[in-house]
Amino acid sequence: MMLTLTDIRKHFGATRALDGVTLAVRPGRVHALVGENGAGKSTLMHVLAGGLRADAGTMTIGDAPYTPAGPLEAREAGIALIHQELSLCDHLTVAENILLGREPRRGGRYDRAAARSEAARVLAPFHHPELHPDRGVGDLPIAARQVVEICRAVSAQARVVLMDEPTSSLPREDVERLFGLIRRLRSDGVAVVYISHFLEEVRAIADDLSILRDGRTVWTGTADALTDAQIISHMVGRDVAELFPTREHLPADTIRLDAAGVSVGGRVRDASLRVRAGEVLGIAGLVGAGRTELLRGLMGLEDRPVSGRLSVDGHVVSLESRTPWTRLAAGLGYLSEDRKGEGLTLPMSLADNLTCTRYATVSRRGVIDGRAQRTQGQRWLERLKVKARTPLQAVRTLSGGNQQKVALGRLLHQEASVWLLDEPTRGVDVGSKVHLYEAIAAAADAGCAVVIVSSYLPELFGLCDSLAVMSRGRLTSSAPLSAWTPESVMAAAIGTAQ
Amino acid sequence: MSSTFRARLSALAPVLGLVLVIAVFAMMSDDPAQYLSPRNLRIVLAQTVIVALGAIGMTFIIISGGIDLAVGSTIALAGVVTALGVRDGYAPIVAVSAGVVTGGLVGIVNGLAITRLKVLPFIGTLGMLGIARGVAKWLANQQTVNAPETWINELAVTFPTPSWLLVAPGVWISVVLAVAATFLLQQTVFGRRVFAVGSNEAAARACGVQTDRLKVWIYGLAGLLFGLSGVMQMSRLRQGDPTVAIGTELDVIAAVVIGGGSLAGGEGTIAGSLIGALVMAFLRNGSQQMGWPNYVQEIIIGVIIVLAVAADRARRARAT
Amino acid sequence: MSSTFRARLSALAPVLGLVLVIAVFAMMSDDPAQYLSPRNLRIVLAQTVIVALGAIGMTFIIISGGIDLAVGSTIALAGVVTALGVRDGYAPIVAVSAGVVTGGLVGIVNGLAITRLKVLPFIGTLGMLGIARGVAKWLANQQTVNAPETWINELAVTFPTPSWLLVAPGVWISVVLAVAATFLLQQTVFGRRVFAVGSNEAAARACGVQTDRLKVWIYGLAGLLFGLSGVMQMSRLRQGDPTVAIGTELDVIAAVVIGGGSLAGGEGTIAGSLIGALVMAFLRNGSQQMGWPNYVQEIIIGVIIVLAVAADRARRARAT
Amino acid sequence: SDGGKPGTVGKDLKAVGGLHVAVIPKGTTHEFWMSIHAGAIKAQKEYEAQGVSVRLTWKGPIREDDREQQIQVVEGFLSQGVNGIVLAPLDASALVRPVQEAKGAGIPTVVIDSALASGDAVSFVATDNEKGGSLAADRLGMLLGGKGRVLLLRYQEGSASTEAREKGFLDRMKAQYPAVQIVSADQFAGPTRDTAKRASENLLNRFGNQVEGIFTPNESSTAGMLLALQDVGKAGQIKFVGFDSSEAFITAMRNKQLDGVVLQNPFEMGYQGVKTMVAHLKGQAIQARVDTGVTIVTPDNLDTEASKALLNPPLSEYLK
Ligand SMILES: Nc1ncnc2c1ncn2[C@@H]1O[C@H](COP(=O)(O)OP(=O)(O)OP(=O)(O)O)[C@@H](O)[C@H]1O
Ligand SMILES: Nc1ncnc2c1ncn2[C@@H]1O[C@H](COP(=O)(O)OP(=O)(O)OP(=O)(O)O)[C@@H](O)[C@H]1O
Ligand SMILES: [Mg+2]
Ligand SMILES: [Mg+2]
């Protein structure tokens with residue numbers, strides 16, 4: 001039975017997440033869904049799985065209209081979702097998580113034995129003996145959690161399985177096992193929707209392909225009908241090259257950031273990096289490689305023990321102490337990959353968020369000069385072309401891309417000499433990316449040292465002077481961009497280069 | 001392996017705490033035999049019944065990530081209703097049922113306020129704290145309600161009449177309910193979902209658990225236990241007292257937390273909570289036996305609550 | 001524009017609530033002139049001082065995402081310390097300072113327990129609830145402490161001696177402190193950080209806010225206000241009573257929440273909290289003037305707390 | 001051993017190493033209870049001088065209106081195995097069961113201050129409270145010349161002794177001074193000075209201009225009313241008769257702000273309570289009812305020796 005979506009729309013405040021999506025998912029086929037960050041893929045999956053209700057549009061399964069009032073009804077209709085952001089209950093066991101909401105019962109009791117054997121059954125293809133059904137989920141590594149998440153959807157015996165970036169934190173072997181599983185589902189007549197940013201995965205597994213852009217289906221057909229370049233151009237809507245600013249200045253010789261032998265709680269081992277004034281260093285790697293931990297460790301934000309040496313503009317900063325304020329004082333500026341969690345204070349005003357790392361310019365003896373804060377905030381808003389009415393409005397009311405610009409604007413205000421940017425364009429739309437890239441390039445040209453962690457290779461190739469790759473907690477030494485090709489970066493990231 | 005061992009050890013921590021409290025008092029006492037006598041044990045057990053029943057109910061609520069500040073008021077209200085029932089000539093069993101059901105209804109209203117009006121449990125039950133107390137005073141006409149002698153009065157008596165019972169019937173009822181609650185929490189789908197909603201409400205909802213309805217059930221079920229606790233309170237006082245049990249919610253919450261429950265949700269055991277209730281009862285009893293003034297008790301119990309939770313946090317931080 | 005307007009309206013909501021309460025009582029009263037007389041206003045204001053000062057301090061704590069359950073105990077302790085100071089012959093100003101500083105110290109200990117022992121504010125201050133109360137009783141030797149007549153007794157008097165003061169000096173002190181606290185919260189870097197840590201603690205840390213130290217400051221500052229509140233309590237009673245102000249924390253928290261504060265942190269205003277305190281005082285006063293029994297007050301206040309918060313939630317849900 | 005029957009303990013007094021008597025007041029913070037404590041110690045010292053070793057333990061509930069707490073205190077002494085209990089019950093019926101259980105365990109109880117609705121106590125040592133109320137009615141009636149409007153602020157629900165005083169007052173007024181009109185007799189002062197002061201302020205605002213006489217039935221309500229009268233500047237203008245003694249009341253009488261207080265003799269009550277208990281334990285015959293006397297002290301007889309002895313019991317001599 002076919003699942004069809006017609007002209008689905010969904011908006012969050014002023015953001016149009018879905019702006020007319022049309023899709024047909026056939027049983028026994030794998031339908032890949034690709035699109036840029038923020039194209040609306042996850043939103044679409046939530047609409048399908050009953051977590052969100054569409055503003056407009058129709059969905060049908062076979063001939064029957066499908067209008068799930070909640071996740072329960074979606075389940076009953078045979079639709080299961082693997083969430084992009086992992087959603088497990090830390091206090092329950094693997095088996096309990098896999099069977100949550102569909103617990104087997106016997107005589108009113110929770111049938112532990114049945115749950116255990118069902119969990120063992122769906123876990124079997126992954127060959128992870130340590131992933132025992134009775135094990136608590138709380139202390140599992142992220143990859144194992146992803147496997148549990150996958151097994152939960154598989155176990156639901158669904159007719160349609162939605163996979164939202166299921167491989168984002170899986171090691172290669174597990175990706176192969178997942179593919180085996182997907183092929184089996186396909187042969188059983190299950191329809192699979194597969195979302196991924198990795199085109200080679202799409203090539204390997206997909207039968208059909210749809211491309212989303214700005215909340216709309218811009219192309220749909222069989223997966224082998226398009227070349228990679230064609231897919232990308234459909235995704236982005238224009239030539240990627242013109243996204244990036246041309247850099248005028250060359251890096252100077254002064255070293256601004258010098259970190260050596262940095263280890264972060266076993267997740268990052270012995271990483272060293274040096275960044276000169278005016279240099280943009282990119283750090284590539286697979287999700288889960290430990291890049292975030294490296295930056296957070298440098299900033300004193302990690303709860304895990306951190307060791308190593310760090311100096312900023314020649315001043316030594318202790319890495320052991322978990323004191324972000326000493327890093328800020330030393331001139332480090334940080335942009336978190338987790339905008340909501342660790343980046344912005346959403347209920348507070350744009351002006352507050354922009355100036356909070358350096359109140360000195362807008363206050364005297366601890367008293368804030370409201371007018372100075374407004375005018376300075378306004379300046380950054382204009383510089384970054386943030387679409388906002390007033391610096392006094394709450395950040396919460398901005399669209400994601402504009403929020404991200406505010407987060408970057410904070411570094412401009414801080415006049416940080418070293419920028420540590422973690423996924424600076426995550427969730428940023430194509431148009432907004434240009435403004436961010438320009439701001440980053442301008443900062444480097446003005447003498448800042450910039451470190452960019454990104455999972456988006458074209459971004460690194462378009463913006464950086466040099467590149468280092470992180471693989472399973474180890475960082476290669478950085479080399480000029482010209483020494484890298486996308487293939488060699490990929491190889492280093494996977495860990496086959498050595 | 002070692003993680004299971006550690007988990008067992010961590011479950012044992014409250015027991016060790018209890019043993020420690022008893023041992024310390026026995027050693028300090030000038031008459032340990034008296035302190036450790038069956039008679040004293042009976043007295044402590046009878047005194048614990050009210051907080052223990054409350055702690056069983058509160059364990060469900062706290063595991064589900066909620067809190068209930070209206071426990072004391074619910075106890076008073078249920079006690080008044082029971083006493084009124086007896087006074088007005090209903091059969092004792094009818095009066096007791098009315099008291100228990102009253103508690104359940106208060107709980108359901110709490111659950112509805114939290115899920116429908118979308119107020120935090122702290123606020124919803126803070127409001128109910130005043131409302132239930134007010135209703136209790138209203139029903140009782142602002143006085144204590146004296147009820148004629150019935151078997152209800154024997155429920156929480158220290159020395160039970162058929163002496164082979166050894167301890168008050170209320171203690172046995174608590175034990176039976178504790179076993180039932182443990183079963184419910186550990187062995188049934190309902191129990192697993194209570195943990196799930198406290199552990200990750202969004203995930204539970206995404207998996208098709210009807211979290212709102214579940215919460216109403218949880219508060220309602222806990223309310224029944226608070227109602228029974230109110231019946232016990234009435235039995236102990238032999239009257240319905242609308243001003244009784246002020247602040248009992250804090251004792252009940254402290255019992256759950258000392259027993260390993262986490263106010264962040266997802267954690268807690270019935271056995272732990274009961275031990276938490278016993279720890280506090282033995283602390284109170286022991287301090288009195290030592291002839292210590294009230295203030296020493298209050299200080300010690302305050303310190304123990306904080307240290308017990310801090311030790312728990314530290315133990316877990318080490319474990320990860 | 002419309003959103004600013006809506007924001008203003010939302011800030012006005014508590015004021016409207018207050019006006020509504022007063023209007024309803026004035027209409028129901030058989031003698032509105034009496035109810036609306038300046039004398040009654042003075043009485044209500046003098047009665048509000050204790051909760052109002054507490055609410056100013058609690059506003060800081062609640063905006064920062066915390067809570068303090070030890071307010072009542074802190075008030076009692078500070079009152080006892082002040083009374084002891086006066087009784088033992090220290091200058092009144094010394095005694096008052098000692099009371100206020102005691103409150104500050106209790107707050108600092110709360111802050112340290114929360115940040116060092118990493119216990120939730122609910123637990124840390126629940127422990128302090130018992131500890132401070134116990135210490136108060138201990139210092140007071142379990143009795144009320146009678147202090148000789150000094151100007152402290154005039155602080156919270158209903159009709160002040162230089163009659164041009166119009167209302168009790170304590171009321172003026174509260175007003176001055178409210179203005180200062182508003183300034184601190186809205187116009188200073190410290191205030192912005194209080195909001196930041198309550199809105200998103202992780203983000204505040206990443207922006208270089210020393211969140212642990214900040215929290216200790218917040219609890220300490222609030223503690224000073226609770227200490228002053230204790231001085232006012234002592235002034236009203238003319239004695240240090242270690243058993244006074246049991247449960248006042250709930251009144252204080254309710255005042256902040258009625259005034260728009262959110263227990264999830266990041267929201268609240270001093271003016272709103274004061275209005276919340278006044279709403280409750282007028283409700284109590286009005287009910288008593290109407291000759292209504294206590295239970296009606298309790299029920300009404302409970303309902304108002306829940307409805308005020310629910311309305312606030314609904315309004316915000318619509319706004320986004 | 002079976003200590004319930006007189007004489008049995010007396011024989012093995014030496015073997016036990018002395019008698020252990022627990023004295024359980026309703027609270028510990030009022031001066032009234034301090035006097036009882038002092039009187040109890042006086043009796044102990046007298047026995048000690050006679051070579052009879054008596055160990056006294058003084059312990060009250062944490063809150064003055066917490067019946068459950070007082071029950072727990074009684075039970076604690078049961079398991080501690082004291083020889084006798086001297087109890088001022090917080091409630092006429094709530095304390096029946098513990099006293100009954102004490103009797104069952106061979107521990108006799110002497111009830112002091114307030115009646116217990118049970119025949120299980122060996123003696124009742126108390127003031128004739130109704131008589132005290134009627135003394136107050138006589139004083140007010142005389143001061144008002146047999147006509148006028150009078151306000152009665154009651155203490156609290158369920159307190160037998162104050163209810164008897166209120167009844168004695170109202171009965172006497174009705175019988176002897178029919179022209180006196182009672183404008184309000186349905187409001188309660190509550191457990192503390194603070195609640196009493198608040199209730200008084202609100203009542204005075206409502207009835208302030210109509211009321212010519214006031215009666216309050218215990219220390220905390222009298223203190224609260226006096227503070228309220230002083231604060232609104234009405235002290236001295238309204239005839240005011242209170243109950244119990246306190247330093248503040250003496251001063252107020254000298255300043256003509258208080259027209260009389262009915263005094264019990266708490267010192268005597270504590271003294272007689274312990275004497276009766278020890279006599280019973282020694283096997284001597286005791287009276288089932290001991291009246292400790294009640295008198296009214298007015299500004300006129302303030303300085304007589306008899307009044308002085310009542311107003312300033314030798315507390316410091318017995319309490320450290
Ligand atoms: N709860 C929400 N409130 C407001 N805006 C939202 C919300 N959820 C998503 N959006 C916005 O909707 C748009 C689509 O988001 P969505 O998560 O569907 O993108 P996506 O295609 O899954 O991106 P990614 O590849 O990063 O996962 C984005 O602009 C996002 O900021
Ligand atoms: N084995 C693991 N055990 C526990 N947590 C893990 C594990 N692997 C990854 N994580 C968590 O998953 C998240 C993603 O990993 P990390 O941030 O190190 O990846 P990254 O290299 O920064 O990739 P990206 O920024 O693209 O997500 C981190 O918050 C990390 O704490
Ligand atoms: Mg997505
Ligand atoms: Mg990362």
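A note on names: the letters A, B, ... follow the listed sequences, proteins ahead of strands, and every chain is numbered from 1. Here the structure is a predicted model, which means the values were calculated and not measured.
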Which region of [X], side chain (C-beta onward) or backbone (N, CA, C, O), has a non-hydrogen atom less than 4.5 Å from a non-hydrogen atom of chain C, or is it both or neither?
| X | answer |
| --- | --- |
| Val257(B) | side chain |
| Ile304(B) | neither |
| Ile246(B) | neither |
| Ile300(B) | neither |

Contact check, side chains of Leu283(B) and Phe25(B), non-hydrogen atoms, under 4.5 Å = yes
Contact check, side chains of Asp212(B) and Val216(B), non-hydrogen atoms, under 4.5 Å = no
ask   = After noting the C-alpha distance and the side-chain angles of Leu129(B) and Glu249(B), does the key distance pass the side chain to side chain contact (heavy atoms under 4.5 Å, CB included) rule?
value = CA-CA 10 Å; Leu129(B) 182 154; Glu249(B) 51 276 3; 3.8 Å; yes
key: Salt-bridge present (Arg205(B), Glu201(B); N to O < 4.0 Å)   = yes
inquiry  = Salt bridge check, Glu298(B) against Arg284(B): does any charged N sit closer than 4.0 Å to a carboxylate O?
reply    =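 Looking at Arg284(B) and Glu298(B), the cut-off is not met.
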Exceeds 12 heavy-atom contacts within 6.0 angstrom, atom CH2 of Trp292(B) =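 Above 12, so yes.
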Top of [options] for chain C proximity - count of heavy-atom pairs under 4.5 angstrom:
| options | answer |
| --- | --- |
| Ala136(B), Pro293(B), Gly130(B) | Gly130(B) |
| Ile301(B), Val303(B), Leu307(B) | Val303(B) |
| Ile131(B), Leu250(B), Val135(B) | Ile131(B) |

inquiry  = For the interface with chain B, which of Met128(C), Gln297(C), Gln142(C) has the highest count of heavy-atom pairs at distances below 4.5 Å?
reply    =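 Most pairs with chain B among the choices: Gln142(C).
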ask   = Can you tell which of Leu69(C), Ile305(C), Val119(C) has the highest number of heavy-atom pairs within less than 4.5 Å of chain B?
value =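 Option with the top pair count is Val119(C).
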remark   = If one checks every heavy atom of Val306(C) against chain B at 4.5 Å, the contacting part turns out to be both
task = Please look at Ile123(C) and chain B and tell me whether the side chain, the backbone, both or neither of the residue comes under 4.5 angstrom of a heavy atom of that chain.
result = both
inquiry  = Can you tell me how far apart OG (Ser273(C)) and CZ (Phe60(C)) are? Round to the nearest 0.5 Å.
reply    = 10.0 Å
inquiry  = Go through it in stages, so that I can follow the logic: the residues are Thr59(B) and Thr269(B), the test is side chain to side chain contact (heavy atoms under 4.5 Å, CB included), and I'd like the CA-CA distance, side-chain angles, deciding distance and then a yes or no.
reply    = CA-CA 7 Å; Thr59(B) 306; Thr269(B) 61; 5.9 Å; no
